[in-house]
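Have a look at the structure below, then the notes.
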Amino acid sequence: MGVRVLCLRHAESENVVAQVAGALPSAELTPRGREQAAEAAERLRGEGVTRIYASTAVRARQTAGIIAQALGVREVVALGELVEFGVGRLEGTADPAVRARTAEVLRSWVVDGRLDEAVADGVLRAG
């Protein structure tokens, strides 16, 4: 019997609505984000989910908790290794240029495989 791993990103959170850059681990889900998490749980029904892991970010744990409750999974295990990258001194900025640079760096990591890119002096880098 094999193991399947399903990956989801957290639902809409306050930092996304406020258009600020960085990990912002204390940002909570918006009401729309709570609805999105409930919808995700419905889509996962019947998939045989037995364990749920999330980053330590509040929005990730809230998303996972809503899904866990709906699917009858007893606990959500928070893993520090799943935390998003930080953008250093620019964390929490609403500067459109920083947000654009963050998107460029994420694209370079995920799409182009260039792991040497970073945003400002962020302490977490993919490389």
Side-chain angles (χ1 to χ4, degrees):
M1 176 186 222
V3 173
R4 276 190 327 148
V5 177
L6 305 172
C7 297
L8 288 111
R9 186 155 161 61
H10 61 78
E12 182 183 83
S13 56
E14 293 171 349
N15 60 315
V16 172
V17 172
Q19 297 185 342
V20 293
L24 300 169
S26 61
E28 296 191 10
L29 292 181
T30 63
R32 180 172 182 242
R34 292 182 180 285
E35 290 173 13
Q36 290 172 333
E39 290 170 12
E42 285 307 309
R43 290 179 182 209
L44 291 170
R45 205 171 291 288
E47 292 294 331
V49 175
T50 58
R51 298 208 193 317
I52 297 180
Y53 300 90
S55 82
T56 55
V58 170
R59 63 190 169 270
R61 288 183 291 123
Q62 288 175 331
T63 301
I66 291 167
I67 293 169
Q69 183 176 12
L71 299 181
V73 176
R74 274 196 254 189
E75 71 173 321
V76 172
V77 178
L79 299 175
E81 295 86 351
L82 296 177
V83 172
E84 292 183 68
F85 71 96
V87 296
R89 72 186 188 294
L90 299 176
E91 191 80 23
T93 184
D95 182 343
V98 174
R99 288 179 44 92
R101 175 64 183 152
T102 301
E104 289 172 8
V105 169
L106 287 173
R107 178 179 168 64
S108 74
W109 291 353
V110 176
V111 177
D112 303 329
R114 291 190 343 256
L115 302 179
D116 58 335
E117 297 287 324
V119 179
D121 61 337
V123 294
L124 297 178
R125 295 177 178 221

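Hydrogens, waters and symmetry mates play no part in the numbers below; they use all other heavy atoms, side chains included. Since this is a predicted model, take the numbers as computed values, not measurements.
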| message | Rounded at 0.5 Å granularity, tell me how far CD in Glu12 sits from CD in Gln36. | response | 5.5 Å
| query | Could you go step by step and tell me if Arg59 and Asn15 meet the side-chain contact (heavy atoms from CB on, under 4.5 Å) rule? | reply | CA-CA 10 Å; Arg59 63 190 169 270; Asn15 60 315; 4.0 Å; yes
| query | What heavy-atom pair brings Ala11 and Gly33 nearest, and what distance separates the two atoms? | reply | CB-O, 3.0 Å
| How is the hydrophobic cluster of Leu29 composed, in terms of its other members, when Ile, Leu, Val, Met, Phe, Trp and Tyr link through side-chain heavy atoms under 4.5 Å apart, directly or indirectly? | Ile66
| Considering all heavy atoms, the nearest Arg61-Ala78 contact | CD-CB, 3.9 Å
| request: Could you identify which residues cluster with Val49, counting Ile, Leu, Val, Met, Phe, Trp and Tyr as linked when any side-chain heavy atoms lie under 4.5 Å apart, either directly or through a chain of such contacts? | output: Leu6, Leu8, Leu44, Ile52, Ile67, Leu71, Val73, Val76
| note | Here the pair of heavy atoms bringing Ala27 nearest to Val58 is O-CB, 3.8 Å
| task | Please answer whether the main-chain N or O of Glu47 pairs with a side-chain N or O of Arg4 as donor and acceptor at a distance below 3.5 Å. | result | yes
| field | Enclosure of Glu104 CD (heavy-atom neighbours >12, cutoff 6.0 Å) | value | yes
| query | When rounded to the nearest 0.5 angstrom, what is the spacing between OG1 in Thr30 and CZ in Arg32? | reply | 7.0 Å
| message | Set out, in order, the CA-CA distance, both residues' side-chain angles and the distance that settles side-chain hydrogen bond (donor to acceptor under 3.5 Å, both in side chains) for Thr93 and Asp95, then state yes or no. | response | CA-CA 5 Å; Thr93 184; Asp95 182 343; 5.0 Å; no
| If you measure from OG1 on Thr102 to CD on Glu117, what distance do you get to the nearest 0.5 Å? | 12.0 Å
| said: I need the minimum non-hydrogen distance between Leu115 and Trp109, along with the two atoms involved. | reply: CA-CD1, 3.8 Å
| query | Just by modelled atom types, is the Ala70 backbone N or O under 3.5 Å from a matching donor or acceptor in the Arg45 side chain? | reply | yes
| message | Quick check for you: to the nearest 0.5 Å, what is the distance between Gln62 atom CD and His10 atom NE2? | response | 11.0 Å
| Taking atom CZ of Arg101 and atom OG of Ser108, what is their separation to the nearest 0.5 Å? | 7.0 Å
| field | Euclidean distance, Tyr53 OH relative to Glu81 CD, rounded to 0.5 Å | value | 11.5 Å
| message | Tell me if the CZ atom of Arg51 is crowded by more than 12 foreign heavy atoms within 6.0 Å. | response | no
